[in-house]
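Everything below concerns the one structure shown next.
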Amino acid sequence: DTAVSQTPKYLVTQMGNDKSIKCEQNLGHDTMYWYKQDSKKFLKIMFSYNNKELIINETVPNRFSPKSPDKAHLNLHINSLELGDSAVYFCASSPRRSSYEQYFGPGTRLTVT
Amino acid sequence: DAKTTQPPSMDCAEGRAANLPCNHSTISGNEYVYWYRQIHSQGPQYIIHGLKNNETNEMASLIITEDRKSSTLILPHATLRDTAVYYCIVRVAMGYGGGADGLTFGKGTHLIIQP
């Protein structure tokens, strides 16, 4: 069974479009995250979400918004996509807030043309 | 959080122990050392973490020097599947205001296991 899953695995879209990436974890964890890995392979935190509390990395544009329908899901919505949004996006989860033992999904490669 | 320094790349022969160093000379008393790896085209994978005692699990061993300024991740019998980028991360311990803002990954060490 996949612990943290993401869909889609690949996403190709045009500038200006709005898209969503879904994430689900079946580990019963309380906290979920979104990370972005750019073309230089640097991996940076975008959001963490715990019990309806959202912590946002201040560098993330407000075009990005995470939405959590329940504790097992944290979806990422991106409005008005730009070329610079092209990257691999990873979802992760951890047993509780402040746990750095995190479990990552397989990633979604987003290409904006 | 303390900054970490790792060699950009290392080679190791298959079947031998792979020893990956990490320098964290500015680490403070309430900071843990975490190790992750990222195999090509996959998400990062948690390996192990420790505060000051040596730790061992089914994947690896973590040796932290007595002054805590450096550590070594040991993969006891490296296989080709261990080829990956290994990240050493220092983070504030739980209950000390850490967490919630996620992990900060540096450039890591690209470990290549040679057949």
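Chain letters run A, B, ... following the sequence lines, proteins first, then strands; residues in each count from 1. Note: hydrogens, waters and symmetry copies are ignored here, and every other heavy atom, side chains too, is used.
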Query raised in the report: Which distance, rounded to the nearest 0.5 Å, do you find between the CD of A/Glu101 and the OH of B/Tyr32?
Result: 11.5 Å
Requested in this report: Please list, in residue-number order, every residue in residues 39-50 of chain B that has a heavy atom less than 4.5 Å from any heavy atom of chain A; write 'none' if there are none.
Outcome: B/Ser41, B/Gln42, B/Gly43, B/Pro44, B/Tyr46, B/His49
Query raised in the report: Looking only at heavy atoms, which two atoms of A/Tyr100 and B/Leu103 are closest? And how far apart?
Result: CD2-CD2, 3.6 Å
Show me the donor-acceptor pairs, under 3.5 Å and distance only, between side chains in residues 83-93 of chain A and residues at least two apart or in other chains.
unit_1  : atom_1 : unit_2   : atom_2 : d
A/Asp85 : OD1    : A/Arg63  : NH2    : 2.9
A/Asp85 : OD2    : A/Arg63  : NH1    : 2.8
A/Asp85 : OD2    : A/Arg63  : NH2    : 3.2
A/Asp85 : OD2    : A/Glu82  : N      : 2.8
A/Ser86 : OG     : A/Leu83  : O      : 3.1
A/Ser86 : OG     : A/Val112 : N      : 2.8
A/Tyr89 : OH     : A/Asp85  : O      : 2.6
A/Ser93 : OG     : A/His29  : ND1    : 2.8

Query raised in the report: Quick check: are there more than 12 heavy atoms from other residues, nucleotides or ligands sitting under 6.0 Å from CG of A/Asp70?
Result: yes
ILVMFWY cluster, [X] and [Y] together (side-chain gap under 4.5 Å):
X	Y	answer
A/Trp34	A/Tyr10	no
A/Met32	A/Leu76	yes
B/Ile74	B/Tyr86	no
A/Met46	A/Val4	no
B/Tyr34	B/Ile63	no

**Report entry** Beyond-backbone contact of B/Phe105 with A/Gln37, side-chain heavy atoms, under 4.5 angstrom
**Finding:** no
Query raised in the report: Any side-chain heavy atom of B/Tyr87 within less than 4.5 Å of one from A/Leu43?
Result: no
Requested in this report: Counting only heavy atoms closer than 4.5 Å, note whether A/Lys41 contacts chain B via side chain, backbone, both or neither.
Outcome: backbone
